[in-house]
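The next block holds one structure in the form of structure tokens; read it before the comments.
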Amino acid sequence: MKIATWNVNSLKVRQQHVIDWLELSHVDVLCLQELKLPDEKFPRADLEAAGFRSWFAGQKTYNGVGILVREGIAVDETSIVRNIPGFDDPQQRVIAATIDGVRIVSAYFPNGQAPGTEKFAYKMRWLDALREWLDTEMKTHPRLALLGDYNIAPEDRDVHDPKAWEGQNLVSPEERAHFVRLVELGLTDAFRKFEQPEKLFTWWDYRMLAFRRNAGLRIDHILLSADLAAQCTACEVDRVPRKWDQPSDHAPVIATIG
DNA sequence: ATGGCACTGAGACAGTGA
């Protein structure tokens, strides 16, 4: 099974990119973030015509997450969870589903704006709630994958210019400590399980020709529980759709299980 | 600071988010 994550920065604008990429990549499960549309605008029928069923938690303007699943793969309809249970939040950032026996979590972590701001404090609270929920979730679902836009670059090698970024949002010690705490639940960064080229990122600012300069960050991740990590045979970033016309600022990340 | 993209309410483009 190939599972992937992609922050599409508006599914309305990127719908055709998603459909084209599903065809190219041969993934079985695609977690989406930043749908930026309410549920009634979700292009369910078009994706179904492309061979994928979808589950989503959308909202107007901001956020919104979804999971696309290739036709024929078993999805437990009773397993769908939207948002972090017990964490009251109008922002739609989490959806989970049990797919072919694997607990798949699609998550759009808060950006945080800058350390010291109210948005950063929200990011910290959200990360606490996510970790506590996953801790219990992993006890009932030993096969679990957390995919999404984490808005955290875990290490300096995940940053094009660590000196310029030092202490800033997305790389601050507080955020990195949260990433470590997630790993300490028993999760493995699928990307780092394998030898990778240097300076391979997943997000590049639209401004200042950042993609052309490869001035990026690795902030989109796939964390796997021990069971899945043991069966993971590949993890790669696909930069191709970042080169298409009117691209998302993020590239998809893919993990192959089995 | 820099300054690209998507979105909103509005019916042009400034404000917000990331």
Side-chain angles (χ1 to χ4, degrees), chain A residues 5-21 31-43 46-47 56-66 83 89-95 106-127 130 147-154 158-172 174-176 178-179 201-221 237-253:
Chain A
T5 179
W6 194 7
N7 178 324
V8 290
N9 185 21
S10 170
L11 183 57
K12 184 189 170 194
V13 175
R14 236 67 68 185
Q15 180 179 328
Q16 196 55 50
H17 279 26
V18 168
I19 290 169
D20 290 347
W21 191 75
C31 295
L32 298 174
Q33 299 87 37
E34 283 210 83
L35 304 177
K36 293 188 171 178
L37 42 76
D39 286 350
E40 60 270 22
K41 297 270 179 68
F42 191 97
D46 292 323
L47 291 164
F56 43 86
Q59 68 179 91
K60 199 175 159 187
T61 313
Y62 303 121
N63 310 309
V65 287
N83 293 314
D89 190 353
Q91 302 187 33
Q92 304 298 306
R93 296 183 174 278
V94 170
I95 185 165
S106 175
Y108 175 46
F109 291 40
N111 174 279
Q113 191 175 41
T117 63
E118 173 47 40
K119 283 174 187 164
F120 192 87
Y122 163 72
K123 184 176 193 172
M124 297 298 109
R125 290 196 301 277
W126 189 93
L127 283 160
L130 178 75
L147 306 90
D149 175 0
Y150 285 54
N151 270 314
I152 301 172
D158 302 313
V159 180
H160 71 97
D161 186 348
K163 217 168 188 178
W165 277 85
E166 192 176 355
Q168 293 204 52
N169 195 45
L170 310 182
V171 311
S172 73
E174 299 97 307
E175 291 161 274
R176 286 178 168 178
H178 267 290
F179 188 89
F201 308 121
T202 67
W203 171 82
W204 303 261
D205 201 304
Y206 285 121
R207 296 169 288 187
M208 302 177 290
L209 305 169
F211 184 66
R212 219 166 76 181
R213 297 188 292 120
N214 196 31
L217 303 177
R218 192 175 72 94
I219 56 175
D220 300 86
H221 308 293
V237 175
D238 186 359
R239 280 175 294 188
V240 167
R242 187 63 176 80
K243 299 169 189 171
W244 293 346
D245 282 345
Q246 213 181 354
S248 166
D249 44 356
H250 293 254
V253 184

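Computed from a predicted model, the values in this text were never measured in an experiment. As a basis for the values below, the full set of heavy atoms in this structure was taken, side chains included, without hydrogen atoms, waters or symmetry mates. A note on names: the letters A, B, ... follow the listed sequences, proteins ahead of strands, and every chain is numbered from 1.
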Q.
Here's a test of your reading of the structure: between P247(A) and G112(A), which maps to the more 5' nucleotide of DNA chain B?
A. P247(A)
Q | Interatomic distance where CG belongs to L11(A) and P belongs to dC7(B) [whole Å] | A | 10 Å
Q: Please test D238(A) against W21(A) for side chain to side chain donor-acceptor pair (under 3.5 Å), starting from the C-alpha separation and ending with a verdict.
A: CA-CA 10 Å; D238(A) 186 359; W21(A) 191 75; 2.8 Å; yes
Q. Can you tell me if the side-chain N/O atoms of R14(A) get under 4.0 Å from OP1 or OP2 in dA6(B)?
A. yes
Q. Contact class for Q113(A) (heavy atom, under 4.0 Å): base, sugar-phosphate, or nothing?
A. nothing
(Q) Go nucleotide by nucleotide along DNA chain B from the 5' end; which of D205(A) and N7(A) gets its closest nucleotide reached first? (A) D205(A)
Q | Stepwise side chain to side chain contact (heavy atoms under 4.5 Å, CB included) check, F56(A) with D39(A) | A | CA-CA 7 Å; F56(A) 43 86; D39(A) 286 350; 3.3 Å; yes
Q. When you measure from the side chain of R242(A) to the backbone N and O of D249(A), does any donor-acceptor pair fall under 3.5 Å?
A. yes
Q. If we take the P atom in both dG11(B) and dA1(B), what is their distance in whole Å?
A. 30 Å
Q.
Expressed as a whole number of angstroms, how long is the span from F109(A):CZ to dA18(B):P?
A. 15 Å
Q: Using the C1' atom as the reference point in each nucleotide, state the distance between dA10(B) and dG15(B) in Å, no decimals.
A: 13 Å
**Q.** Out of dT2(B), dA6(B), dA18(B), whichever nucleotide has its closest atom nearest the side chain of S10(A)
**A.** dA6(B)
Q: Please check the phosphate of dG4(B) (OP1 and OP2 only) for any side-chain N or O of Q246(A) closer than 4.0 Å.
A: no
Q: Between dT2(B), dC5(B), dG17(B), spot the one nearest the side chain of K119(A), thanks.
A: dG17(B)
Q: Send over the distance from N151(A) CG to dG17(B) P, rounded to a whole Å.
A: 14 Å
Q.
Side chain of K60(A), heavy atoms from C-beta onward: which of dA18(B), dT8(B), dA6(B) has the nearest atom to it?
A. dT8(B)
Q | M208(A) CE - dA1(B) P separation (whole Å) | A | 13 Å
Q) Rounded to the Å, how far apart are Q168(A) CD and dA1(B) P? A) 13 Å
Q | Side chain of Y108(A) (C-beta onward), nearest among dA6(B), dA18(B), dT8(B) | A | dA18(B)
Q) Any Lys/Arg nitrogen of K60(A) or E40(A) sitting under 4.0 Å from an Asp/Glu carboxylate oxygen of the other? A) no
(Q) Give me the distance, rounded to whole Å, that separates dA12(B) from dT2(B) when you measure between the P atoms they each carry. (A) 30 Å
Q | Gap between atoms CG and P, on L170(A) and dG17(B) respectively (whole Å) | A | 16 Å
Q: Before giving the answer on side chain to side chain donor-acceptor pair (under 3.5 Å), spell out for N169(A) and N111(A) the whole-Å C-alpha distance, their side-chain angles and the decisive distance to 0.1 Å.
A: CA-CA 8 Å; N169(A) 195 45; N111(A) 174 279; 3.1 Å; yes
Q. Expressed in angstrom and rounded to an integer, what is the separation of K12(A) atom NZ from dT8(B) atom P?
A. 7 Å
Q.
Tell me if the CD atom of Q168(A) is crowded by more than 12 foreign heavy atoms within 6.0 Å.
A. yes
Q: Measure the distance from NZ on K41(A) to C1' on dA6(B) and round it to the nearest whole Å.
A: 14 Å
Q) Closer than 4.0 Å, any side-chain N/O of T61(A) to the OP1 or OP2 of dA6(B)? A) no
